**Student:** 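I am attaching a structure below and will ask some questions about it afterwards.
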Amino acid sequence: MITFRPALPQDWASVLPLIYSSGPEQFEYLFTQPGRPAQRFLQSAFVSGVGLFGYRVYTVTLVEQRPVAIGGAYGRREGKALEQQMLIQILRFYGLRAAWPVIRHAIALDAMMPFPEPDMFYFAQLGVAETMRGQGIGTAWLQYQIRQARERGYQRCALDVASTNPRAQALYERVGFRVTGERAWPHSASGTHMPNMRRMELRLS
């Protein structure tokens, strides 16, 4: 039986690998600094409960009371507040000097994954345990969040998927999402390469 509940701080050990699996290239680029691996920041942010990676953003999928998937969801207004909280987290975690590269990288990634428009409910960092993939877990999470979006009066759901992740894109398409745009990494000359990001939307009306 599949059930859902809000994430809790004590979930971090079981769900952090799932969150990381949703975009390891982006997480490494964004948060890894000398002596500070990306997953350490993600753990700190998740347990704090605030910011874009705080546990309050996430909904956990359970099978027999065991977390098997997790994803975040928010609207534009709350997302902007979460972004401001994350900026403070970055400054506190890395220190003023080391925080600047992280902030610069965040600005670069934001250009590829812009904030949702006011009528959008945005899905982020959906990760499913590897042993549970292909069993409808991701579909169940998406359908649950789509119901939440309707109840909250949103007109569209939106998410971003890497062009190198056709399996995830196929999942979203089966639920009804369609690609509405694609953004290329603008900083290839720097030696860092990221896959193109595709914005996908589902109209609810």
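These numbers come from a predicted model, not from an experiment.
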**Student:** Let me see the working for E83 and F115 under side chain to side chain contact (heavy atoms under 4.5 Å, CB included), right down to the final yes or no.
**Tutor:** CA-CA 10 Å; E83 185 180 52; F115 259 86; 3.3 Å; yes
**Student:** When you measure from the side chain of N165 to the backbone N and O of A162, does any donor-acceptor pair fall under 3.5 Å?
**Tutor:** no
**Student:** Answer whether the closest heavy-atom distance between the side chains of I103 and L91 falls below 4.5 Å.
**Tutor:** yes
**Student:** Grab the two heavy atoms, one from W185 and one from A108, that are nearest each other, plus how far apart they are.
**Tutor:** CH2-CB, 3.8 Å
**Student:** Can you measure from OG (S14) to CG (L62) and round to the nearest 0.5 angstrom?
**Tutor:** 9.0 Å
**Student:** Heavy atoms, side chains only, cut-off 4.5 Å: are P195 and Q26 in contact?
**Tutor:** yes
**Student:** Just so I know, are the side chains of V50 and L82 near enough to count as touching, which here means a heavy-atom distance under 4.5 Å?
**Tutor:** no
**Student:** For F41 and F93: C-alpha separation, side-chain torsions, deciding distance, then whether ring-ring contact (aromatic ring centres under 6.0 Å, His included) applies.
**Tutor:** CA-CA 7 Å; F41 173 82; F93 185 85; 5.4 Å; yes
**Student:** When rounded to the nearest 0.5 angstrom, what distance separates CG in D160 from CE in M113?
**Tutor:** 6.0 Å
**Student:** Check whether any side-chain N or O of T32 sits under 3.5 Å from a backbone N or O of Y29 as a donor-acceptor pair, and report yes or no.
**Tutor:** no
**Student:** Is there side-chain contact between E182 and S163, with heavy atoms separated by less than 4.5 Å?
**Tutor:** yes
**Student:** Testing the basics here: between L42 and Y20, what is the closest heavy-atom pair and its distance to 0.1 Å?
**Tutor:** CD1-CD1, 4.2 Å
**Student:** How long is the straight-line distance from CE of M120 back to CG of L204, given to the nearest 0.5 Å?
**Tutor:** 10.5 Å
**Student:** May I ask you to test the P114-R199 pair for a side-chain heavy-atom distance under 4.5 Å?
**Tutor:** yes
**Student:** For Q148 and Y154, test the side chains for any donor-to-acceptor distance below 3.5 angstrom and give the result as yes or no.
**Tutor:** no
**Student:** Does R133 CZ have over 12 foreign heavy atoms under 6.0 Å away?
**Tutor:** yes
**Student:** My understanding is that only one of R156, R76, R203 makes a side-chain hydrogen bond (donor to acceptor under 3.5 Å, both in side chains) with D119; could you say which?
**Tutor:** R156
**Student:** Start with the C-alpha gap between Q125 and Y58, add the side-chain angles, then the distance that decides, and say whether side chain to side chain contact (heavy atoms under 4.5 Å, CB included) holds.
**Tutor:** CA-CA 9 Å; Q125 296 102 44; Y58 293 99; 2.9 Å; yes
**Student:** Output the distance between atom CG (L87) and atom CZ (R92), rounded to the nearest 0.5 Å.
**Tutor:** 10.5 Å
**Student:** Do M132 and V63 come within less than 4.5 Å of each other through their side chains, counting heavy atoms only?
**Tutor:** yes
**Student:** Under 4.5 Å between any side-chain heavy atoms of Y55 and F46, yes or no?
**Tutor:** yes
**Student:** One pair to check against ring-ring contact (aromatic ring centres under 6.0 Å, His included): F123 and W141. What are the steps and the verdict?
**Tutor:** CA-CA 10 Å; F123 301 162; W141 186 94; 5.5 Å; yes
**Student:** Indicate if L126 and V68 have the same hydrophobic cluster label, given that clusters are the connected sets of ILVMFWY residues with side-chain heavy-atom separations under 4.5 angstrom.
**Tutor:** yes
**Student:** F177, M112: one ILVMFWY side-chain cluster at the under-4.5 Å cut-off?
**Tutor:** no
**Student:** State, with a plain yes or no, whether a side-chain heavy atom of P37 is found less than 4.5 Å away from one of E28.
**Tutor:** no
**Student:** Rounded to the nearest 0.5 Å, what separates atom OG in S22 from atom CD1 in I70?
**Tutor:** 9.5 Å
**Student:** For the CZ atom on R5, are there more than 12 heavy atoms of other groups (residues, nucleotides or ligands in this structure) within a distance under 6.0 Å?
**Tutor:** yes
**Student:** Kindly indicate, with the supporting measurements, whether the criterion side chain to side chain contact (heavy atoms under 4.5 Å, CB included) is fulfilled by Q169 and E173.
**Tutor:** CA-CA 6 Å; Q169 181 172 329; E173 288 173 340; 3.1 Å; yes
**Student:** Can you tell me how far the NZ atom of K80 sits from the CG atom of L52, to the nearest 0.5 Å?
**Tutor:** 10.0 Å
**Student:** Treating Ile, Leu, Val, Met, Phe, Trp and Tyr as nodes and any side-chain heavy-atom pair under 4.5 angstrom as an edge, say whether I137 and F4 lie in one connected cluster.
**Tutor:** yes
**Student:** Does G51 offer a backbone N or O that forms a donor-acceptor pair with the side chain of R56 under 3.5 Å?
**Tutor:** no
**Student:** Taking atom CD of E64 as the centre, report whether more than 12 heavy atoms of other residues, nucleotides or ligands fall under 6.0 Å from it.
**Tutor:** no
**Student:** Go through the steps for C157 and Q145 under the test side chain to side chain contact (heavy atoms under 4.5 Å, CB included), then give the verdict.
**Tutor:** CA-CA 9 Å; C157 295; Q145 293 297 347; over 6 Å; no
**Student:** Can you get from I88 to M86 by hopping between Ile, Leu, Val, Met, Phe, Trp and Tyr side chains that sit under 4.5 Å apart?
**Tutor:** no
**Student:** Using the rule side-chain hydrogen bond (donor to acceptor under 3.5 Å, both in side chains), only one of Q89, Q43, Q85 pairs with S48; which is it?
**Tutor:** Q89
**Student:** Can you confirm whether more than 12 heavy atoms, excluding those of R104, are under 6.0 Å from its CZ atom?
**Tutor:** yes
